[in-house]
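What follows is one structure encoded as structure tokens, with my remarks underneath.
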Amino acid sequence: MASTPFTSKRAKAYADISDDKWNNWRWQLSNRINTVEEFERVLPLTDSERRALSAANLFRVDITPYFISLINPDDPDDPVRKQVVPTDSELVPFTAMMEDSLAEDRHSPVPGLVHRYPDRVLMLVTTQCASYCRYCTRSRIVGDPSATFSRAEFEMQIEYLKHTPQVRDVLLSGGDPLVLAPKILEEILSRLREIPHIEIVRIGSRVPVFLPMRITTELTDMLQKYHPLWMNIHVNHPNEISAELAEACDRLTRAGIPLGNQAVLLAGVNDNVHIQRELVHKLVRIRVRPYYLYQCDLVEGAGHFRTPVAKGIEIMEGLRGHTSGYAVHQYIIDAPGGGGKIPVSPNYLLSMSDHKVVLRNYEGYVTTYEEPTDYLPSRSAQFRGVKRPEPGQSGVFGLLEGEQMFIKPETFDEVHERSGIQHRLKDPKKWVPLGIGSGESPKNDPEEQT
Ligand SMILES: *Cc1c(COP(=O)(O)O)cnc(C)c1O
């Protein structure tokens, strides 16, 4: 690879470590920092950090020597430091805080397999990571070796997938799949590849960021046997983009793995449009496509990292149009209670009439788009063979497709009965919409006239 414009750093405490050791991922893992004494040798702790490190029930702390070296030891507000060094703010509860804010465990047909969306699943393959993010959305299980998934649970996950043909995309996460023993990771990949309806496998990993030396050619040679394989990494601040990360990403992309980035919007770390622009620009330079920017979840320990949603909208306003489309991620709120990912964005559609829309661009230029008045949509009948069923999850799109006419809260019908009796005016047939869902077809249905 051409010499990279990015730099390498090594904290003073590691000056005497040989390059062989430093570049060995096993050495990095076994020399992770987690006690006050170990921290003090590398960076002086603040009182708040020291208090947090001696608190009972603290979410697991571990930082690789490589990653801690990216921190400026003289800056208590360093954006890398805030992500991995605990402070006593994480012990403070807040309104709406939850242990499992995304209700993942409720959506798990089998332990460790989250089936939230119609055609894809999240498969948690370990609870261990190379280092631990203080705002972890899965801190309820992550970091705890006793919470990890058993062989029997893995077999149940595979069994569920074999019998669930609508799943075409499996997302491996955890914990971090790339800290698994290479043999175990390979077994998971090859077992998934044996299932014919699984089209793509993705890995969500922060190993390239915490432990870039783990991305060896041996690993990428193994991974590329299981294509199509995609990967999302997790970088939040431009300071995390080092020469080592650039090299790790180069190996992964050369192995044919498209890379995306999932960042989390974090107060005091990256809640600023100028930092976000620098982040996405550095990402595309190392051939990583910004994918999602997440609003911070309502998870225990993360209260002090949260920003108003308006901050995210403001950041998106400062990206779209101002820079390459490739560098613009989508801002997402992962809905509390298990509603799934919801994209939020500034509004660009100002108004519309029967054949005209009024739009504004990123500069505030207001324009109209004249729509056709003679448009005939292609008849859906010709696409019937390629429709994928989404039992019970077709949602608002299902309304457009005519599968049903309304979506109503669970208690809607009861409430509107007003506890009245069944009487001559209440014929249930009155509310069956003609031509929608299981209702009868109206005589002029164009699909029936072919
Ligand atoms: C994020 C997530 C996915 C993947 O979502 P995409 O929008 O397809 O990236 C799948 N399952 C669960 C439970 C998730 O949280």
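Whatever order the structure lists ligands and atoms in, that order sets their numbers, starting from 1.
In the vicinity of Tyr291, heavy-atom distances shorter than 4.0 Å reach the ligand 1 atoms 6 (P), 7 (O), 8 (O), 9 (O). Close contacts between ligand 1 and Leu122 involve ligand atoms 11 (N), 12 (C), 13 (C) [criterion: under 4.0 Å to a heavy atom]. Numbered from 1 in the order shown, with element, the atoms of ligand 1 that lie under 4.0 Å from a heavy atom of Arg116 read 13 (C). Listed by atom number, the atoms of ligand 1 under 4.0 Å from Arg202 heavy atoms are 4 (C), 6 (P), 8 (O), 9 (O). Close approach of ligand 1 to Tyr292 (heavy-atom distance below 4.0 Å) involves ligand atoms 6 (P), 7 (O), 9 (O).
With respect to atom 13 (C) of ligand 1, the closest heavy atom belonging to the protein is Val114 CG1, 3.6 Å. If you check which protein heavy atom lies closest to atom 12 (C) of ligand 1, you get Tyr117 CE1, 3.7 Å. Distance from atom 15 (O) of ligand 1 to its nearest protein heavy atom, with residue and atom name: Lys341 NZ, 3.0 Å.
Atom CZ of Phe406 has more than 12 neighbouring heavy atoms from other residues, nucleotides or ligands inside a 6.0 Å radius. Remark: Tyr348 OH is packed, more than 12 non-hydrogen atoms of other residues, nucleotides or ligands lying under 6.0 Å away.
We find that Lys311 and Glu314 are joined by a salt bridge, their nearest charged nitrogen and carboxylate oxygen being less than 4.0 Å apart. Taking the charged nitrogens against the carboxylate oxygens, Arg120 and Glu199 have no contact shorter than 4.0 Å, which rules out a salt bridge. With respect to the salt-bridge test (charged N to carboxylate O, under 4.0 angstrom), the residues Arg251 and Glu247 qualify.
Residues forming a side chain to side chain contact (heavy atoms under 4.5 Å, CB included) with Phe39 (at least two apart in sequence, or on another chain): Ile33, Leu43, Leu45, Leu53, Val61, Ile63, Ile68, Val85.
Under 4.0 angstrom from ligand 1, the non-hydrogen atoms of Leu171 all belong to its side chain. Under 4.0 angstrom from ligand 1, there are no non-hydrogen atoms of His115.
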Under 3.5 Å, sequence neighbours excluded: what are the donor-acceptor pairs made by side chains of residues 202-213?
residue, atom, partner, partner atom, Å
Arg202, NE, Asp169, OD1, 3.2
Arg202, NE, Asp169, OD2, 3.3
Arg202, NH2, Asp169, OD2, 2.9
Ser205, OG, Asp176, OD1, 2.8
Ser205, OG, Asp176, OD2, 3.2
Ser205, OG, Val207, N, 2.9
Arg206, NE, His234, O, 2.8
Arg206, NH1, Gln83, OE1, 3.3
Arg206, NH1, Tyr135, OH, 3.2
Arg206, NH2, Gln83, OE1, 2.6
Arg206, NH2, Glu240, OE1, 2.5

